[in-house]
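To find a chain, count down the sequence lines: A is the first, B the second, and so on, and within it residues start at 1.
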Number of protein chains: 2
Amino acid sequence: MENSFGETIRKLREGNNLLLREVSAKLEIDASVLSKIENNNRIAKKELIKKFAKIYNVDYNKLLIIWLSDKIVNELKDENNIDEILKIAGQKIKYGKE
Amino acid sequence: MENSFGETIRKLREGNNLLLREVSAKLEIDASVLSKIENNNRIAKKELIKKFAKIYNVDYNKLLIIWLSDKIVNELKDENNIDEILKIAGQKIKYGKE
DNA sequence: TATATACTTGACAAATTTTGTCAAGTCAAA
DNA sequence: TTTGACTTGACAAAATTTGTCAAGTATATA
């Protein structure tokens with residue numbers, strides 16, 4: 001099953017035996033922010049994704065997909081008719097409509 | 001085929017033979033903002049949807065679905081792997097993960 | 001028990017984005 | 001060539017997001 005962005009990068013950090021403060025230094029953000037991101041209490045800003053991919057040596061696009069799907073979840077999690085909304089969104093994008 | 005939120009409310013306004021300034025007065029926004037919304041140059045803020053539904057006497061949920069799908073389109077329109085992202089987002093929501 | 005280390009949390013400030021206002025513009029009809 | 005309907009762009013105001021900092025928890029270890 002797919003993981004959240006936070007879980008994903010936490011596992012990557014642990015797998016690489018790195019400390020929060022080591023990674024946050026490389027990301028140039030405060031360790032508290034990284035903590036929140038890993039715990040899904042904040043959404044990482046998009047430019048951080050490239051840095052994560054580089055630090056953990058993983059595919060940027062895979063991280064991006066996880067991050068984007070999390071953003072969609074955030075936008076829709078309290079709504080109804082999720083499947084219909086996603087279907088319509090997909091169609092609109094496919095047919096170049098907006 | 002599904003229409004954009006802007007097209008939708010423009011058609012509704014025209015079908016009701018109302019002027020931009022008449023509707024914008026009811027919405028309590030400047031006519032220029034409504035113009036931009038109808039032309040998809042701005043996204044309406046969510047609270048406006050209720051007002052639109054009331055003014056045009058249409059189902060709130062239908063408008064909401066159109067508006068939300070537009071927001072998703074906006075978020076994904078310049079990305080790749082759209083179908084995968086939408087699929088994953090749907091799964092995450094369904095299984096209560098985020 | 002005390003000290004250190006890793007991480008978490010919340011309040012606030014700074015930065016960014018969104019939204020509203022206004023003035024000037026286009027365009028078509030009268 | 002004036003009027004009415006709408007559009008556009010620049011800017012200000014408001015709201016949201018992001019970063020900073022200080023204090024907190026939890027665990028391990030001397």
Stretch residues 28-38 of chain A: residues that reach within less than 4.0 Å of DNA chain D through a heavy atom: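 DNA chain D contact set from residues 28-38 of chain A: A:Asp30, A:Ser32, A:Val33, A:Lys36.
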Over 12 non-hydrogen atoms of neighbours within 6.0 angstrom of NZ in B:Lys51: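 More than 12 heavy atoms, drawn from other residues, nucleotides or ligands, come within 6.0 Å of this atom.
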Enumerate the protein-to-nucleotides 28-30 of chain D contacts in which both atoms are nitrogen or oxygen and the separation is below 3.5 Å.
none

What's the [atom1]-[atom2] distance between [X] and [N], to the nearest Å?
X	N	atom1	atom2	answer
A:Lys71	C:dT17	NZ	P	11 Å
A:Glu75	C:dT18	CD	P	11 Å
B:Asn74	C:dT18	CG	P	9 Å
B:Lys46	C:dT18	NZ	C1'	16 Å
A:Asn41	D:dG24	CG	P	20 Å

Heavy-atom pair with the smallest gap, counting every atom of A:Lys92 and B:Ser69: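 The answer is NZ-OG, 2.9 Å.
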With sequence neighbours excluded, residues passing side chain to side chain donor-acceptor pair (under 3.5 Å) with B:Glu79: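 Expected list: A:Lys46.
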Sort me out a list of protein N/O and nucleotides 11-17 of chain D N/O pairs below 3.5 Å, or just none if empty.
none

Positions of residues 11-19 of chain A (non-hydrogen atom under 4.0 Å from DNA chain C), listed by number: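 Within this stretch, A:Arg13, A:Leu19 sit under 4.0 Å of the strand.
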Scan the side chains in residues 55-65 of chain A for donor-acceptor partners under 3.5 Å anywhere in the protein, sequence neighbours excluded, and list what turns up.
residue : atom : partner : partner atom : Å
A:Asp59 : OD2  : A:Lys62 : N            : 3.4
A:Asn61 : OD1  : B:Asn81 : ND2          : 3.4

Single hit among B:Leu48, B:Leu27, B:Asn39 for side-chain contact (heavy atoms from CB on, under 4.5 Å) with B:Leu34: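 With B:Leu34 as partner, side-chain contact (heavy atoms from CB on, under 4.5 Å) holds for just one option, B:Leu27.
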